[in-house]
Each structure stands twice: as structure tokens, then as C-alpha cells.
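None of the values given here were measured: they were computed from a predicted structure. Chain A is the first sequence line, chain B the second, and so forth, proteins listed ahead of strands; every chain is numbered from 1.
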Amino acid sequence: MPDTHPYQPAEIEPKWQSQWEADGLYNADIDPSRPKHYALTMLPYPSGDLHIGHWYAMAPSDARARYMRMKGFNVLFPMGFDSFGLPAENAAIKRGIHPKTWTYKNIENMRLQLRSMGAMFDWRHEAVSADPEYYHWTEWFFIQLFKHGLAYRKMSPVDFCPNCNTTLAREQVWGEDRHCERCDTPVIKKDLDQWFFKTTSYAAELLDYSSLDWPERVRTLQTNWIGRSEGAEVQFPVICDQSSVIGEDLLITDHRSLITVFTTRPDTLWGATFMVLSPEHPLVDQITTPDRKAEVETYKLQATRLSDIDREATDKEKTGVFTGGYARNPVNGKPIPIWIADYVLMTYGTGAIMAVPAHDERDFAFAIKYGLPIIPVIDRPDGISKSFVFPGSVSPSFTETLTAAGIQFSSQQVGALGVGLFVTLQRDQVDGFVALMRQHLQPNNWNEIVGGRWLFVFDDGVLELDGVESDQAILARCKAIYPPVSANRTVMEMVNTLPFYKDVLFHSEYGTMIHSGEMSGAPGDVAKQRIAAWLETKGIGKAATNYRLRDWLISRQRYWGAPIPMVNCPACGWQPVPEDQLPVLLPDDVEWKPTGESPLKLHPTWAKTTCPVCGGDATRETDTMDTFMCSSWYHLRYLSPKYARGPFDPQVYAYWMPVDTYTGGIEHATMHLIYTRFFHKACRDMGITTGSEPMIQLRNQGMVLGEDHEKMSKSRGNVVAPDILVKRYGADTVRAYLMFFARWDMGAPWNSSGIEGSARWVRRVWSLVTEPGPQGTPAPEMLKSLRRKLHQTLKRVTHDFENFEFNTIVSALMELLNDLYKAREQGATGTPEWAEALNVYLRMMAPVTPHIAEELWSFIGKPYSIHHQPWPMVNEAAAAEETITLVLQVNGKVRDRLVVPVGISEDDARQAALANETVQKHLEGRAPKKVIVVPGRLVNVVG
RNA sequence: GCCGGAGUGGCGGAAUUGGCAGACGCGCACGACUCAAAAUCGUGUACCCGGAAGGGUAUGAGGGUUCGAUUCCCUCCUUCGGCACCA
């Protein structure tokens, strides 16, 4: 027996790491004789220091990859760096370090830190996105997308600092007043011509997750992000001769100025009483009348100063201004005013909406605020109407009449005016009520019925609120009768002042169409489809599907990114750089102004080039690509990072792709994971890749919070540094603790004393194996139960590895260790059962704590390497229990437990329970009414 | 506001998906070893009543379904994420 010595991770960990490296133990090469497994963890950004969050993401993923390896898979588990991006430029501006220098120094450091983890990365597959050999192909992909019509240019606003003369990211804009982080200048929006990828062409396909094993949560997030909605596009002609609006007869419409709106509710078209355009809408200037110009311009400016977040905030009161222009509602020819408001976004739909205030909550609030007409066009499904009977407006016998008619109402004192009646009507009571009202209404009064029906009863007849004209007619009569309502601009504004009516004035449900001309009466379940078809036959619209998803903005006005390989020729327009001239290299000789203006723009010669088509003078694109472009295909570069004839070696691709298991944070659920799926599908359609999805199985880890339960950040000073932990406890302990301390998909706050438990576990395994146990003759029963526990644990650990339940893997191993210690005390060390236990135990540990497992494997005299060993097989017979604990309940409460043979019959279990003294005691002499036997678990006696 | 997750001892968490609540670990208490401390080992540790045997109460709150609910249903509260004037 070798000398026993204390556990020293600082010695054994580096030793095995270099051994594995030297032997190429984790080399992942094509091997058609073995099933492949491509395990991928999200590409880290080389910020300089490896964070505990990186460990939390990578160490359990590594353990899972190692488990798959032991299961017989040929596993590729690569690592690389997402090395373009803003922080490198910030370092350049603040500290005068070149982004390249800063980035590659960080990478060097992080490689060392990553090695200390003892992960099975095959570094021969490393890919670094800022290497020219890498971004060569990022550029190449751009050109392919361009050639296939999936890349295009359009104007798009950015946050811009006019003082620094530079575009700002959202994180560079600070404070309520939205000022520049460097110079405090208020930020403005600047419209720039920029490159986009047509992600929206794939919107429908991106909603299909049928071939994916992805968490429901992520699929929901993506589905909402893509945001499919069905409805119709409708064209509203702009009325260009403003003076004729008043004249009414000679309305001339200009069909060159059609405003297209997207609506999910074409069935409400007859209720569209105004339109709202986004302040950025291209027709705004044309529509705006001279007298409204100043106000509109002010509002537009104000809207551009707001962030999207501010514009989209719901707690803010809606604002807008009238443009002075009118459009014609195409279904009824009525002129409707055109407004602009910041709640309409140019990036969604067509940037213009038809407003139906009677059936859209936002539009209702907007119309009430600005006095715009509100006309109900969809019947209330519940049919409820309400009527307030003004004090003194009816003859005194009216209440008895109502009671006799079975109509529900309450009488209440209304201020000093007297007693009013608050009537609630069912659908079939309205006509009867109107008839009664006509008999009882006193001269020079009116009564309104609102909700299910919209009727105004006057001395001489009944008016219905069915359009803009009747709105004004009714209002005029009411004002004449009761001057206090004179300030109201619409009928709805007038009735909205009465709280009693609040719940019946507006609804957004589907229902039978009313007040809708020839379409009135169309039932709610078919109205939408019927109108969409009708619009098409009339040539004023069509059924349409709209997505919330936007095209992907690729352009960044930055230096440290992959150049966009495009050349602008005055004669030939935008042309791609010929593929044999790639990569377009980033110039190293760049200088920063303290303002952060992109040095590519300032470079004296870089942008000057010739047109690949005509050979004339031309200019390079000086914008670079979004780094999400680099991370959309890194899993492909990993396959063959040195390959020079294409982005990847097709043979290697054919073996490894798709990614079998992808692990990473939930924060990438929408952006990165949608971009990479889009990228893969586009590449498939261009004949570059095969299959429809790049990553088959996705699993997310949660977040490690600081000990104060807050998000870790340098400013809070709650950051946990893995290097210190590795130094103090060893990588194995850190790995084990990260797997143990929380459910992986949930994450949890860090607990610096909790890690002691994992450290103790690792040390106890060390002692168990290396220190001799007492001699003795262990009871055969004890050895049998040790073996049972071993195989039960193996079963649990196997199950938990399959399901990414890492915390219970470690706790199961801890439990078994406790039993092993007890067995050792009883002299089990010399037995075959003991040998088997150690053999299996170390193999179960190997994915979790690879170094100590290797060291102890060699200690017990097994051949190098444990990481070449197969995953142990569960012996079901050995794992089987002989007895169970039968729980005895009386009326659902546990009263006793019996140890019985595992195969006990239902009858025997019932008999045993009924014969039990404690059960009898708790029955207190009652006869059992019912006995429930759950085989193998419990007997519940109900009595 | 909408969508989704979570809420279990002093703390992190477990519970084969309707069947023994609190595995495992941290912490704490007591004990052993030690001159002492650390480390290590052992014992105990949800709460209440009780000397004990035992009994009662407990999985955010309240209701429901069920022989039986941490698990399913309804209402509400707290909290964490994501999305959001989406027409």
C-alpha cells in the first residue's frame, strides 16, 4: 500500500491537466465507428477575467459532455472567444490601448483560467472571431446573404451624440434626459443608411419548434418575440383638397397618397373614426396642413428625443397632435382626421393605424382625451345595456311600471337633483324599456340606453348612435335640453362622465357587427375572415399576417468588428468585394479621437478603393458588423478552424453537425438564438448547410447571484472570483460546488461557507480511498446492502446526468460516501463488494471531479485513464430492494410503519394494516368504511 | 399591463409527478481527540404542547377536488425574469 498523504489539489490538478493535454486525451476527431455528440456552450466574451458565471455555465456542461463520452459517444466540446465588440474600443479610448492588444491579452489570460477548470475542451478546435482567418468567413457569409437578396440597405435611426460625432449604444445613453456618457450632451436620433438582414422572411418558419428539444420557456419567449398576428391590410386614401372637406360634396382623393394600415380587427373598420401615424411616417409632412406645421414639427422632435422604452411605457398618458389632414374611411367614404402619436411605432406593422376607439382601450382613452368621435360597431356579447333615468325626467309611476316589467334597477339620490334610477337591461328588455320610456318621458327631457344598444329617447322619437353624423345630431339635441353638457365634444365623452356606465362603454371582444352598413349582422366568429375577403373583392385591402419581428440591423458605426465587405461605386452602386480578395482586413494603424468617433471613417486611405465592376474610384463601407453575426456561425468554425477553402470543411460538418446539446443563459433566448436559427436556415436555402436547425437540444443555466442576493457587479463589490477559489479548494471542489449548490436551471445566491461542504466531500473521498480501513469480517447482509446502495446510486446519477439535474448527482454521491464510511468501519475494505464500490464510485465522480477521480483511479491500481472508461452499468438485481416500509394511515394521517417483503400482496397489506394495534387504536372502535391500498407504498384505513 | 418561473426549517435545496414533507449540504448546539485552537470524527437539529411515551401544527395566504395535495383547480399576495402603447 503506497504512503498515505493529504489531498493536495494544487499538485494533482496541474499534473493531470498537462498529462491529458500531452496525450491528446480529449482530441475530437472524426470517427465514423462511434456515435458523435456535439456539446456546445455559449461563446464567451473575453472581458479579461473568468467570472464565476462562466464557471457555472461551463463546468456542469463539461461534466455532461464527459458523461456522454463515457457513454460511448465521440464528443466534441470546443471553446473559443467572441472577441469583437464595444468594451475593447472603450479600453482604447479610456486607456489608449489598441483594441487588438487589449482583446488578445484578455484571451491569453482567459485561456489559462479556462485550463484550470480541467474541462475537456479540445483546444485544436478553438475559434477566435477577431482573427482574420475567422472574420474572412464572416465577411464571406455577408456576401452570400447579399447575393441572395437577404441583405439590403435602408434608413434607420440611431442614438447619436452630436458633440462626439458618434453613434451610441443604449448603455452609453444615460439618465432621464438621455445624455451621452462621455460628454453629457443630449443625445439625438440620426437617420443613417444601414445594412439589414431579412430575418422577417423566415418569421413563419422560426415559429416551428417541432424538431427541437428546447425548454418551453424559451420557445414561448421566441414565439412572443416573433409575435405573429393575423388580420388585414387596408388602404385609406388621403383627402388632398382640404377645403373640400367642409364642402363635403367635392371630396377629391389622391390615390398616390394611400395610407396602408395593418389591423387585427378588420371587423371594426366601420368604427374607425380617426387614423394615427407614427411621427416618423414618411407621409406626415405631406399630410400636415400649414396651420398645424409648427405643432407637428415640435411633436416629431419631442418623439425622437424619447427612447423606445419611454415611448413604449404604458404608465404614461397618451399624447398626439392633429396633422390637419384627413383620410377617407374606405368602407363608408367618411372623412376621418389623421393624427400622429408616439405610441404608434414605425417599426411595427405599417407605422400607421386606424383607430377604433369603441373597441380598443388605447384608442378609447386617446379619443376621450382629444374629443374624437367613438362609434360602437361590435355588439356586446353579454347584451347588457344600462340607462340612467335623470331625476324628474319621467312620470312618478315609472318605477312601478319597471317593476311590473321585471326590469332591474336601483333608485338613488343624485346630489340636489332628486332621485335618479339606475337601470340595467338584458338584451331582450331594451325594446320594451324604450316603449315604456316613450310613454313616461316628460317633455324637454331625454333618456339614453348605452352598452348593448345605443339609443337616445327624445319627446319626438328615438335616435341611434350609429355614426359620426348621429353623434353630432344627438349631442346637439342634448345640449339644447341640458346646457351643462355643452362642454362635451362627443356623445361618448358625455356619457363617459357617469361612473355607472364605465363598464359598458367599451369592449374589445368579438361579436356581431353593428352599424356597419351591408356587413351589419355578420357574427363575431366569422366577421374577421368575411371582412378580409370582402376588402379584397373591393380592392381596398387584403387578409394579411404581420410579425412583430424586425429585420436584423447589421451595421455598427465602430472600428472593432468584422468589416462589411462592400464597396460603393458612384457609377455601379453597392458591390460586394470579390471573394478572392477577402478578407477585407481591419487596418491596425488607427487613432482614436477622445470622442470615440470611428477611426475607420478617419483613416486617410483605408476606405479608398476601386470598383470591382468598372474599376473606377470607389469607397469601402466603413461600418462594421454586429457581433451577433460572429456568434451566429461560430459553432461551424469550431468544426475546422484552420480550414482555408471555406468557412468549414464539409466533411467535418457532415460528421458533427447539428449541435446535439447547446447550453447557455436564458438572456440569449431571443436575440442570439433567433439570429443563429435564421442564419442556419438562410445558409440551408443558399446550399451552404443542411438541416433546418443548428442546435437540437437546448438547456439553460440560471444566474449565480452575489452573497447579498444581488446581481454580481464590480460596483456592488459582490463578485466571486473563481481563481481564488481554485487556489484555495482546487478546481474539483469548485466544480462540485457549482453543480451542487442550486438547481442548475434556476441559479442561486453564492454562499461562501457552503463550498466547505463540497470541499469536505472531496477530501473525504480522498481519505476513504487512500487511508487503510480496520480489518474485520463484515456481515454478508451489510455487504449486500452496500452493493444495493451502490447500484441504486448509479441509477440515480445516470438519470440525473440525462436530465441535467446536477445538484442531486452530487448529493447522491455524498449519501453513498456516508454509507461507504460505515462499511469501512465494519471492515469491508478487503471484500470484492468494496472493490466494486470504489471502481464504480470513481467512475461516477469522474465527470464531476475529473482530477481527483484520475488520481485515485491510478491509486487503486487501475490503468490510465479513468476518462477512457465506460460508464458503469446498473445491475438491476443488485439494486432491487427486498423489503419496503409500508406506511399505515388512518383517515389520511400516518400512524405507523411496517417493514414488509417487497412483493406483499394487496390483501396481505390490508390484513396487516387492519391487524395493527396503532391503527386499531386510532380507529377508536369504528369499523373501517374503506381501505385504500397503494401497492408497495401505503395502506389508508378510512373509518 | 401581458407572458412565464419561483415561494418548503436559521440558509441553499430534496421529494420517483397525487402516497412517509424536509434527502444531501451549510450553519448551529453538544460530545470525542487536543495543553489549546484549527482540522477531523460522533450525536442532535421544522415548530408547538409534554419529563417521556405521545399528540398537534406546518410546504406564501385563503378556498376547492380527493381516502390522501408541496404536487391538480380557483382567488389573492410576494418575488424574480422576459416582453410590452403590437394596432
Side-chain angles (χ1 to χ4, degrees), chain A residues 6 215-218 220-225 227-229 231 261-265 268 272 275-276 308-318 341-345 347-356 359-363 365-366 546-548 666-667 669-670 702-703 705 709 711 737 740-743 745-758 760-761 763-764 767 795-796 799 805 807-818 821 825 885-894 896-897 918 928-943:
Chain A
E216 180 70 42
R217 200 162 150 219
V218 175
T220 307
L221 283 169
Q222 290 206 351
T223 302
N224 293 342
W225 183 270
R228 177 190 156 96
S229 50
V261 304
F262 173 76
T263 175
T264 52
R265 293 298 301 271
T268 64
M275 292 186 81
V276 186
D308 282 0
I309 305 269
D310 289 339
R311 277 178 68 165
E312 294 162 6
T314 44
D315 47 5
K316 193 183 65 134
E317 199 183 340
K318 285 145 193 50
D342 58 13
Y343 75 85
V344 177
L345 305 177
T347 49
Y348 184 83
T350 60
I353 63 163
M354 63 177 208
V356 184
H359 304 290
D360 180 289
E361 201 171 357
R362 245 175 352 189
D363 295 343
F366 195 85
N546 188 56
Y547 295 93
R548 181 190 169 279
I666 188 90
E667 68 272 18
T670 47
M703 212 192 303
L705 302 174
H709 290 59
K711 208 170 171 170
Y737 184 57
F740 174 72
F741 88 116
R743 248 179 75 167
D745 57 340
M746 300 280 207
W750 183 258
N751 182 334
S752 53
S753 63
I755 194 173
E756 294 290 347
S758 301
R760 213 163 279 155
W761 170 60
R763 277 198 302 265
R764 272 163 60 82
S767 306
K795 208 171 165 177
R796 281 170 66 186
H799 169 270
E805 290 163 10
N807 54 341
T808 45
I809 290 172
V810 180
S811 56
L813 289 173
M814 286 173 169
E815 259 183 67
L816 177 56
L817 184 68
N818 292 340
Y821 262 92
E825 273 313 297
T885 303
L886 188 70
V887 171
L888 305 183
Q889 295 185 337
V890 177
N891 293 331
K893 286 191 181 179
V894 178
D896 207 352
R897 296 179 174 89
T918 320
K929 282 186 212 143
K930 201 173 174 185
V931 181
I932 288 134
V933 182
V934 182
R937 289 190 192 276
L938 60 76
V939 181
N940 186 13
V941 181
V942 185

### Query
Base, sugar-phosphate alone, or nothing: which one does A:Gly227 contact when heavy atoms must sit under 4.0 Å apart?
nothing
### Task
For the side chain of A:Ser753, starting at C-beta, report the closest nucleotide among B:C83, B:G25, B:C26.
B:C26
#### Entry: Distance, rounded to the nearest Å, where A:Arg897 contributes CZ and B:G19 contributes P
16 Å
### Query
Given atom CH2 of A:Trp750 and atom P of B:G27, what is their separation to the nearest angstrom?
14 Å
### Task
Looking at every strand, decide which applies to A:Arg228 at a 4.0 Å heavy-atom threshold: base, sugar-phosphate, or nothing.
nothing
### Query
For A:Asp745 and B:G5, what is the distance between atoms CG and P respectively, to the nearest whole Å?
12 Å
### Task
Classify the nucleic acid contact of A:Asn818 as base, sugar-phosphate or nothing, counting any heavy atom under 4.0 Å across all strands shown.
sugar-phosphate
### Complementary nucleotide for B:A52 - Watson-Crick or wobble, under 3.5 Å
none
### Residue A:Glu815, side-chain heavy atoms: nucleotide from B:C24, B:A21, B:G12 that is nearest
B:C24
### Query
For A:Trp225, which contact category applies under a 4.0 Å heavy-atom criterion: base, sugar-phosphate, or nothing?
sugar-phosphate
### Query
Is the distance from OP1 or OP2 of B:A23 to the nearest side-chain N or O of A:Arg796 less than 4.0 Å?
no
#### Entry: A:Asn224 side-chain proximity, nearest of B:A87, B:G56, B:C3
B:C3
### Pairwise C1' distance, B:G25 and B:G13 [rounded to whole Å]
8 Å
### Query
CG of A:Asp342 versus P of B:C86: gap in Å, rounded?
13 Å
### Message
Taking pairing as Watson-Crick or G-U wobble with both contacts under 3.5 Å, can you name the mate of B:U57, or confirm there isn't one?
### Response
B:A46
### Task
Can you figure out which of B:G27, B:A14, B:G4 approaches the side chain of A:Arg217 most closely?
B:G4
### Query
Can you check the A:Asp360 CG to B:C2 P distance for me, whole Å?
15 Å
### Query
Paired with B:U40: which nucleotide, if any, by Watson-Crick or G-U wobble criteria at under 3.5 Å for both distances?
B:A32
### Query
Paired with B:C24 by Watson-Crick or G-U wobble geometry, both distances under 3.5 Å: which nucleotide is it?
B:G12
### Query
Looking across every strand, which nucleic acid part, if any, lies under 4.0 Å from A:Leu938 by heavy atom: base, sugar-phosphate, or nothing?
base
### Message
Just N and O in the side chain of A:Tyr343: are any of them under 4.0 Å from OP1 or OP2 of B:A87?
### Response
no
### Task
Specify the separation, in whole Å, of atom CD1 of A:Ile755 and atom C1' of B:G25.
13 Å
### Under 4.0 angstrom between A:Asn807 side-chain N/O and B:G25 OP1 or OP2
no
### Task
Could you tell me the separation between the CD atom of A:Glu756 and the C1' atom of B:C41, rounded to a whole number of Å?
17 Å
### Query
For every nucleotide of nucleotides 62-73 of chain B, 5' to 3': is a protein heavy atom under 4.0 Å from its base (B), only from its sugar-phosphate (S), or from neither (-)?
-----B------
### Summary
Using Watson-Crick geometry (N1-N3 plus N6-O4 or O6-N4) or G-U wobble (N1-O2, O6-N3), each under 3.5 Å, B:G4 is paired with B:C80
### Query
Among B:A87, B:G27, B:C20, which nucleotide sits nearest the side chain of A:Thr885?
B:C20
### Task
Could you check which of B:G27, B:A23, B:G12 has an atom nearest any side-chain atom of A:Phe741?
B:G12
### Query
Would A:Lys930 and A:Asn940 count as a side chain to side chain contact (heavy atoms under 4.5 Å, CB included) if you check the C-alpha gap in whole Å, the side-chain angles of each, and the deciding distance to 0.1 Å?
CA-CA 8 Å; A:Lys930 201 173 174 185; A:Asn940 186 13; over 6 Å; no
### Query
Can a cation-pi geometry be assigned to A:Arg362 and A:Tyr343, taking NZ or CZ under 6.0 Å from the six-membered ring centre and within 45° of the ring axis?
no
### Query
In the structure shown, which nucleotide is the Watson-Crick or G-U wobble counterpart of B:G62, with both distances under 3.5 Å?
B:C74
### Task
Establish whether the base of B:U16 is bridged to the side chain of A:Arg937 by a donor-acceptor pair shorter than 3.5 Å.
yes
### Query
Of the nucleotides B:G25, B:C26, B:A87, which has the atom closest to the A:Arg760 side chain?
B:C26
### Query
Rounded to the Å, how far apart are A:Met703 CE and B:G81 P?
7 Å
#### Entry: Among B:G12, B:C20, B:A15, the nucleotide that comes nearest once only the side chain of A:Phe740 is considered
B:G12
### Query
When the P atoms of B:G56 and B:A69 are considered, how many whole Å apart are they?
15 Å
### Query
A:Leu221 side chain: which of B:G82, B:A23, B:A87 is closest?
B:G82
### Query
A:Lys893 near the nucleic acid: base, sugar-phosphate alone, or nothing, with a heavy-atom cut-off under 4.0 Å?
sugar-phosphate
### Message
From the set B:C20, B:A87, B:C3, return the single nucleotide nearest to any side-chain atom of A:Val894.
### Response
B:C20
#### Entry: Shortest non-hydrogen contact from A:Phe741 toward A:Ala748
CE1-O, 3.8 Å
### Message
Using a heavy-atom cut-off of 4.0 Å across all strands, would you classify A:Val934 as base, sugar-phosphate, or nothing?
### Response
base
